[in-house]
Peer 1: 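Please read through the structure below; I'll follow up with questions.
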Protein chains: 2
Amino acid sequence: MVKAQDTETQILDAARRVFIRKGLSGARMQEIADEAGINKALLHYYFRSKEKLFDVILRETFAKIFPSLPDLMINPQLTFRESLTKFVDGYITAIQHNPFLPAFVINEINQNPDKIAQVFETIGFDGAKIKQVQEVLPQRLGLSKEKTREVIVTVISLCVFPFVGKPVLKTLLFDNDDKAFEDFLEERKARVVEIAMSMIQS
Amino acid sequence: MVKAQDTETQILDAARRVFIRKGLSGARMQEIADEAGINKALLHYYFRSKEKLFDVILRETFAKIFPSLPDLMINPQLTFRESLTKFVDGYITAIQHNPFLPAFVINEINQNPDKIAQVFETIGFDGAKIKQVQEVLPQRLGLSKEKTREVIVTVISLCVFPFVGKPVLKTLLFDNDDKAFEDFLEERKARVVEIAMSMIQS
DNA sequence: AATTATTTTAACCATATGGTTAATTTACTA
DNA sequence: TAGTAAATTAACCATATGGTTAAAATAATT
C-alpha cells in the first residue's frame with residue numbers, strides 16, 4: 001500500500017482541485033476523497049475537518065499568489081519598468097496556468113474577510129512587510145503615496161480582472177472564440193506595462 | 001394577512017440578499033424563508049425549486065448590470081468622453097450601492113458559464129445587439145476592433161476589480177481604513193476616464 | 001515471528017437540506 | 001353568508017453531508 005507521505009499529497013492535490021473549482025461551500029468531502037482515490041474517513045484522519053483542510057489550501061494558495069508583488073517591486077537591482085514588466089508578465093503567466101485561482105480567491109475572501117489577517121501572517125506577509133512596500137514603492141516611483149496606490153490598483157486590476165471576467169468578456173467581445181481571447185491576454189502583458197508607465201510619467 | 005403580490009416581493013427581496021451574499025451553493029432555502037418572514041414551503045409554492053428561484057435572481061441581476069454599457073456607449077448625442085464619464089460614474093456608483101454584486105456575478109458565472117447565453121437572451125442582450133456594439137464603438141473611437149476591445153476591457157477592469165479585490169487591497173494599501181478606501185473609489189471615477197482617454201489618443 | 005504502532009476502510013450516526021403533502025387559514029365570489 | 005379558490009403552514013420525507021468508530025490491513029519494532 002502507498003506510503004503516508006504520498007497519501008497526504010494525494011489528498012492535498014485532490015482538495016486543491018476540488019476547492020478551487022467549487023469553492024468551500026460547493027466542495028464535497030466525498031468528491032475530494034474520490035478524486036484522491038481514498039476513503040472519506042482518511043480525509044478526517046489526516047486533516048481533522050473540512051474547514052481545516054480548506055484552510056491549508058487557502059494558505060497555500062495565498063502563499064503562491066501574493067508574495068511576488070512586494071518581492072519584485074522593491075528589488076533595487078532593477079529599474080521600475082523592469083520590475084513592472086517582470087511582475088506583470090510573471091503574474092499573468094502564472095494565472096494562465098491556474099485560471100480559476102483568481103475567482104476562487106475573490107470569492108472566498110469576500111465570503112470571509114476576517115481570514116485575511118491570519119492567512120497573511122501565515123505566509124510571512126505581516127504588518128512590517130506591508131509597511132515596507134508602502135514606503136519604498138513611492139520613493140522608487142517618485143510619486144505620492146496616493147498616486148502610488150492608484151498605479152498598484154490599476155496594475156492588479158488589469159492583470160486579474162480579465163480572468164475572472166473571462167466568460168462575460170468572451171461572449172461580449174470575442175464571439176466566444178477561445179483562441180482570440182488567449183491571444184488577447186498574451187498581448188495584454190505589454191499593454192498593461194504601458195498603461196502603468198504612462199500613469200507614472202503624467 | 002399579506003397580499004400575494006407582497007409575498008412574492010418579500011421572497012424575491014430575501015432571495016436576492018441571501019443569494020448575493022452567500023452564492024447559490026452557500027445559500028439555504030430556510031435562511032431565505034426566515035429572512036422573508038414566511039414558511040419554507042411557500043418558497044416552493046411560488047418558485048418551484050432553489051435553482052428556479054436562483055435563476056430569477058441571476059437574470060434580474062444581469063438585467064440590472066449589463067445593458068447600461070451598450071446603451072450608453074453608442075448614444076450618438078454625446079461625445080465619447082461624455083459617454084465614458086457617464087458610464088464610469090454610473091457604474092461605480094451603482095456598485096457602491098451594491099458592493100457584493102460583482103463578486104456574486106463573477107463567482108456564479110465562472111461556476112456555470114453555460115448559463116451566460118440564456119441569461120443574456122432573457123435580458124434582450126442578443127447576438128444582434130452585441131454585434132451592433134462591436135461595430136459602432138470602433139467607429140466612434142476611430143480605433144481598430146482590437147484597440148477598442150482593449151479600451152473596453154481596461155475600463156471594465158478598472159471599474160469592477162477594486163470592489164471584488166477590496167478585502168485584499170484594503171489590507172495591503174489602505175491599512176484597513178474603510179473611509180480611505182471609499183474616498184479612493186470616489187476619486188477613481190475621474191481617474192478611470194483619464195486612463196481610458198489616454199489609451200485612445202496615443 | 002510475535003507484538004506494537006500506523007494507516008486504511010466499511011459501516012454508521014446525527015444533522016442539514018431541498019422538497020412534498022395534507023390540513024388550515026384567508027380571500028374571493030355568488 | 002355559504003361555498004369555492006388561493007395562500008399559508010406544520011409536519012414529514014428522502015437524501016446528502018460532515019463526521020465518527022471499531023475493525024481490518026499494512027508497516028515498523030523487538
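So you know, we letter chains A, B, ... as the sequences are listed, proteins then strands, and number each from 1. Hydrogens, waters and symmetry mates are skipped; everything else that's a heavy atom, side chains included, is used. Computed from a predicted model, the values in this text were never measured in an experiment.
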Peer 1: Of the nucleotides C:dT21, C:dA10, C:dG18, which one has an atom closest to the side chain of B:Met29?
Peer 2: C:dG18
Peer 1: What is the distance, to the nearest angstrom, from the CZ atom on A:Arg48 to the P atom on D:dT21?
Peer 2: 11 Å
Peer 1: Inspect the surroundings of NZ in A:Lys86 and state if more than 12 heavy atoms from other residues, nucleotides or ligands are less than 6.0 Å away.
Peer 2: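 No, because the 6.0 Å sphere around NZ of A:Lys86 holds 12 heavy atoms or fewer from other groups.
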Peer 1: Can you measure B:Ile11 atom CD1 to D:dA7 atom C1' for me and round it to whole angstrom units?
Peer 2: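 Nearest whole value for this atom pair: 11 Å.
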Peer 1: Taking N and O atoms by type only, does the side chain of A:Lys40 place a donor or acceptor under 3.5 Å from a partner on the base of D:dG19?
Peer 2: yes
Peer 1: Just how far, in rounded Å, is P of D:dT17 from CG of A:Leu53?
Peer 2: 16 Å
Peer 1: Would you mind reading off the distance between A:Asp34 atom CG and C:dT9 atom C1', rounded to a whole angstrom?
Peer 2: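 One finds 14 Å between C1' of C:dT9 and CG of A:Asp34, rounded.
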Peer 1: If the cut-off is 4.0 Å, is A:His44 near the phosphate of D:dG19, judged by side-chain N/O to OP1 or OP2?
Peer 2: yes
Peer 1: From C:dG19, D:dT9, D:dT20, pick the nucleotide closest to the side chain of A:Ala41?
Peer 2: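 When the side chain of A:Ala41 is considered, D:dT20 is the closest of C:dG19, D:dT9, D:dT20.
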Peer 1: I need the CZ-C1' distance between A:Phe47 and D:dT20, as an integer number of Å.
Peer 2: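 From A:Phe47 CZ to D:dT20 C1': 18 Å.
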Peer 1: When you check the phosphate oxygens OP1 and OP2 of D:dT8, does a side-chain N or O of B:Thr7 lie under 4.0 Å from one of them?
Peer 2: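 Yes.
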Peer 1: Reckon B:Ala27 touches a base, only the sugar-phosphate, or nothing at all at heavy-atom distances under 4.0 Å?
Peer 2: sugar-phosphate
Peer 1: Would you say B:Arg28 reaches C:dG18's phosphate, i.e. side-chain N/O to OP1/OP2 under 4.0 Å?
Peer 2: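 Checking B:Arg28 against C:dG18: at least one side-chain N or O falls below 4.0 Å of OP1 or OP2.
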Peer 1: Would you mind telling me which of C:dT9, D:dT9, D:dG19 lies closest to the side-chain atoms of A:Asn39?
Peer 2: C:dT9
Peer 1: Under 4.0 Å between a side-chain N or O of A:Tyr45 and OP1 or OP2 of C:dT6?
Peer 2: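 For C:dT6, neither OP1 nor OP2 has a side-chain N or O of A:Tyr45 closer than 4.0 Å.
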Peer 1: Quickly work out the A:Glu31 CD to D:dG18 P distance and round it to whole Å.
Peer 2: 10 Å
Peer 1: Side-chain contact, heavy-atom cut-off 4.5 Å: B:Leu53 with B:Ile32?
Peer 2: yes
Peer 1: Shortest non-hydrogen contact from A:Thr171 to A:Asn176?
Peer 2: OG1-OD1, 3.5 Å
Peer 1: Over how many whole Å does the gap from B:Asp55 atom CG to C:dG18 atom P extend?
Peer 2: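 Going from CG in B:Asp55 over to P in C:dG18 covers 15 Å.
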Peer 1: Assess whether atom NZ of A:Lys131 is packed by more than 12 heavy atoms of other residues, nucleotides or ligands within 6.0 Å.
Peer 2: no
Peer 1: Would you mind reporting whether A:Phe66 and B:Val168 have side-chain heavy atoms less than 4.5 Å apart?
Peer 2: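 A side-chain contact exists here, since the closest heavy-atom pair is under 4.5 Å.
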Peer 1: C:dT9 P sits how many Å from A:Leu43 CG, rounded?
Peer 2: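 Computing the A:Leu43:CG to C:dT9:P distance gives 10 Å.
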